[in-house]
Enquirer: 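Got a structure for you, written out below as structure tokens; questions coming shortly.
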Protein chains: 2
Amino acid sequence: MSDAVDAIIGQWTKERPDLTEDLWPVQVLGRLQRLGRVLDKEFRTFAARRGLELGEVDVLTTLQRSGPPYALPAGALLKAAMVTSGAITNRIDRMEAKGLVERVREEGGGDRRTVRIRLTEHGHEVTCEYMAAHLANEARMLSELGREESDRLAASLRKLLESFGDTSIG
Amino acid sequence: MSDAVDAIIGQWTKERPDLTEDLWPVQVLGRLQRLGRVLDKEFRTFAARRGLELGEVDVLTTLQRSGPPYALPAGALLKAAMVTSGAITNRIDRMEAKGLVERVREEGGGDRRTVRIRLTEHGHEVTCEYMAAHLANEARMLSELGREESDRLAASLRKLLESFGDTSIG
DNA sequence: TGTTTTTATCTCAACGTTGAGATTATCAAG
DNA sequence: CTTGATAATCTCAACGTTGAGATAAAAACA
């Protein structure tokens with residue numbers, strides 16, 4: 001049983017034996033980095049087959065899971081997506097052109113700086129269909145790992161995320 | 001104990017109770033996706049502070065760990081980095097301008113299509129310094145997780161990578 | 001009230017990657 | 001020794017993100 005990261009660590013051990021004792025974090029972080037790439041590619045392809053950008057899916061699902069009225073200020077989307085403001089503006093522009101979301105400015109006495117991004121009827125339907133397919137795909141991806149090991153793995157990953165300060169959405 | 005992914009799952013459970021049973025993969029894949037982002041940002045910043053692009057570090061370390069003569073064909077770098085050919089060409093261009101690597105064409109009877117990318121003396125030094133600092137940083141990042149749990153975590157991650165077909169470098 | 005600071009979003013040029021196509025070289029078959 | 005297919009690299013336009021700055025509104029303070 002050996003993956004790409006084992007091979008990488010083996011190469012380092014041979015090339016720099018003096019670092020052998022310091023290589024253990026690579027077992028985790030190297031794999032996380034690599035898994036990040038693999039998942040990103042997988043999800044991107046999955047989304048593209050349905051005519052969506054990965055960043056767009058991000059916005060759609062964030063709005064959907066926020067519950068009625070399926071609208072959030074741009075700033076909230078920005079934080080949830082962990083991207084910069086320019087990226088969110090561009091995404092909204094594209095998605096508005098596709099009819100997936102619409103910009104809604106506060107009427108009356110509200111804060112007129114904030115722009116609420118609201119899921120359209122069409123966007124809502126697209127998101128529902130997408131989520132069903134996406135969850136099925138995710139279950140398939142983890143089929144070899146099994147439910148029990150997935151739970152244990154999730155616990156360690158949470159611990160790691162927490163230690164990185166990723167403690168909540170807000 | 002609750003992280004951003006717990007919050008996300010909680011939102012979905014409330015908004016779409018019918019999907020509750022199907023949300024378990026998100027515990028793993030959602031966190032992996034998120035960790036990918038976090039690590040990418042962390043490593044990118046770390047590299048930037050030392051005047052390097054993350055993709056450039058990728059090339060440097062791949063060459064270094066390949067051992068003497070610290071030279072690989074462009075295609076090998078391409079696969080190791082999991083990027084397209086255009087990206088590698090650009091990286092090599094930049095790094096050649098910085099004096100980190102040099103393009104070496106096969107002399108004599110070799111395959112004249114292949115271009116070997118070789119670490120320069122300067123590139124070699126930069127890589128050595130970088131690796132030492134990088135490994136120290138990685139150890140720090142995992143300090144809260146501990147060695148033992150890191151090993152268990154690594155085992156599950158390897159299983160996952162293998163099930164995704166990421167079995168070796170070549 | 002007027003001034004300053006902070007907050008929310010948008011603008012835009014620079015940057016790196018993608019992905020298709022071009023180029024050049026090797027290999028296999030006739 | 002051609003012909004055709006495969007392989008390695010480079011070219012280049014399109015794309016999404018970044019990050020600094022602009023704009024405008026709200027809040028804090030004098």
Side-chain angles (χ1 to χ4, degrees), chain A residues 36-38 40-45 47-49 51-60 71-98 100-118 170, chain B residues 36-38 40-45 47-49 51-60 71-98 100-118 170:
Chain A
R37 279 265 170 97
V38 172
D40 192 75
K41 198 163 285 186
E42 165 68 23
F43 292 150
R44 190 175 305 279
T45 306
R49 269 201 292 271
L52 291 171
E53 198 74 26
L54 201 49
E56 298 175 1
V57 170
D58 203 352
V59 172
L60 288 177
L72 288 174
L77 294 174
L78 184 158
K79 279 178 216 156
M82 297 196 281
V83 293
T84 56
S85 62
I88 286 296
T89 300
N90 283 340
R91 287 183 187 179
I92 308 302
D93 285 348
R94 273 179 275 142
M95 296 175 72
E96 205 169 22
K98 286 186 185 178
L100 293 168
V101 300
E102 53 189 357
R103 284 182 166 89
V104 185
R105 303 209 93 98
E106 300 284 335
E107 297 175 20
D111 187 332
R112 269 178 304 179
R113 290 171 303 178
T114 68
V115 178
R116 294 178 78 81
I117 316 301
R118 186 168 59 193
Chain B
R37 279 267 169 96
V38 172
D40 191 75
K41 197 161 287 187
E42 165 67 23
F43 292 150
R44 190 175 305 279
T45 306
R49 269 200 293 270
L52 290 172
E53 198 75 26
L54 201 49
E56 298 176 2
V57 170
D58 203 352
V59 171
L60 288 177
L72 288 173
L77 294 175
L78 184 159
K79 280 178 215 156
M82 300 197 278
V83 293
T84 56
S85 61
I88 286 296
T89 299
N90 284 341
R91 288 182 188 180
I92 308 301
D93 285 349
R94 272 179 277 143
M95 296 176 73
E96 204 168 23
K98 285 187 186 177
L100 294 167
V101 300
E102 53 189 356
R103 284 181 165 90
V104 185
R105 303 209 93 98
E106 301 283 335
E107 296 175 21
D111 187 333
R112 270 177 302 179
R113 291 171 302 180
T114 69
V115 178
R116 294 178 78 80
I117 315 302
R118 186 169 60 194

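Just so it is clear, the structure is predicted and the values come from calculations on it, not from any experiment. Excluded from the calculations below are hydrogen atoms, water molecules and symmetry mates; all remaining heavy atoms, backbone and side chain alike, are included. In the text below, chain A, chain B and the rest are named by the order of the sequence lines, each starting its count at 1.
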Enquirer: Check the distance between D:dG16's P and B:R37's CZ and give it to me in whole angstrom.
Expert: 14 Å
Enquirer: Does D:dG16 have OP1 or OP2 under 4.0 Å away from a side-chain N or O of A:R94?
Expert: yes
Enquirer: Between P on D:dT18 and CZ on B:R44, what's the gap in Å once rounded to a whole number?
Expert: 9 Å
Enquirer: Identify, between A:S85 and A:E53, the residue whose nearest nucleotide on DNA chain D lies closer to the 5' end.
Expert: A:E53
Enquirer: Within the 4.5 Å heavy-atom criterion, are B:D58 and B:V83 side-chain neighbours or not?
Expert: no
Enquirer: How is A:R103 classified with respect to the nucleic acid when contacts are heavy atoms under 4.0 Å: base, sugar-phosphate, or nothing?
Expert: sugar-phosphate
Enquirer: Taking it one step at a time, do B:M95 and B:L60 satisfy side chain to side chain contact (heavy atoms under 4.5 Å, CB included)?
Expert: CA-CA 9 Å; B:M95 296 176 73; B:L60 288 177; 3.5 Å; yes
Enquirer: Give B:T114 one of three labels, base, sugar-phosphate or nothing, depending on what nucleic acid heavy atoms sit under 4.0 Å from its own.
Expert: sugar-phosphate
Enquirer: For B:E56 and C:dC15, give me the distance from atom CD to atom P, rounded to whole Å.
Expert: 12 Å
Enquirer: Are any non-hydrogen side-chain atoms of B:E53 and B:R44 less than 4.5 angstrom apart?
Expert: yes
Enquirer: If you check every side-chain atom of B:D111, which of D:dT18, C:dT18, C:dT26 has the closest atom?
Expert: C:dT26
Enquirer: Where do B:K98 and B:G51 come nearest, in terms of heavy atoms and distance?
Expert: NZ-O, 3.2 Å
Enquirer: Measuring only between side-chain heavy atoms, which start at C-beta, is A:V101 closer than 4.5 Å to A:R116?
Expert: no
Enquirer: Check the phosphate of D:dA24 against A:R112, side-chain N and O only, distance under 4.0 Å to OP1 or OP2. Yes or no?
Expert: no
Enquirer: Starting at atom CE of A:M95, determine the distance to atom P of D:dG16, rounded to an integer number of angstrom.
Expert: 12 Å
Enquirer: Just how far, in rounded Å, is P of C:dA8 from CZ of A:R116?
Expert: 13 Å
Enquirer: How close or far is atom C1' of C:dC15 from atom CG of B:L54, stated in whole angstroms?
Expert: 14 Å
Enquirer: Measuring to OP1 and OP2 of C:dT17, would you say a side-chain N or O of B:R91 lies under 4.0 angstrom away?
Expert: yes
Enquirer: Would you mind reading off the distance between B:I88 atom CD1 and D:dT9 atom P, rounded to a whole angstrom?
Expert: 10 Å
Enquirer: Pick base, sugar-phosphate or nothing for A:A74, based on heavy-atom distances below 4.0 Å to the nucleic acid.
Expert: sugar-phosphate
Enquirer: How far apart are the closest heavy atoms of A:A47 and A:V57, and which atoms are they?
Expert: CB-CG2, 4.0 Å
Enquirer: Of A:M82 and A:G110, whose nearest nucleotide on DNA chain D comes first from the 5' end?
Expert: A:M82
Enquirer: Between C:dT18, D:dT17, D:dC10, which nucleotide has the shortest distance from any of its atoms to the side chain of A:A87?
Expert: D:dT17
Enquirer: On DNA chain C, does the nearest nucleotide to A:K41 precede the nearest nucleotide to A:I117 from the 5' side, or the other way round? Give the residue.
Expert: A:I117
Enquirer: Whole Å only: how far is the CG atom of A:L77 from the P atom of C:dT9?
Expert: 9 Å
Enquirer: Using a distance-only criterion (donor-acceptor N/O pair, under 3.5 Å, no hydrogens), is the base of C:dT7 paired with the side chain of A:R113?
Expert: yes
Enquirer: Looking across every strand, which nucleic acid part, if any, lies under 4.0 Å from B:G86 by heavy atom: base, sugar-phosphate, or nothing?
Expert: base
Enquirer: Counting any heavy atom closer than 4.0 Å, what does A:N90 reach on the DNA or RNA strands: base, sugar-phosphate only, or nothing?
Expert: base
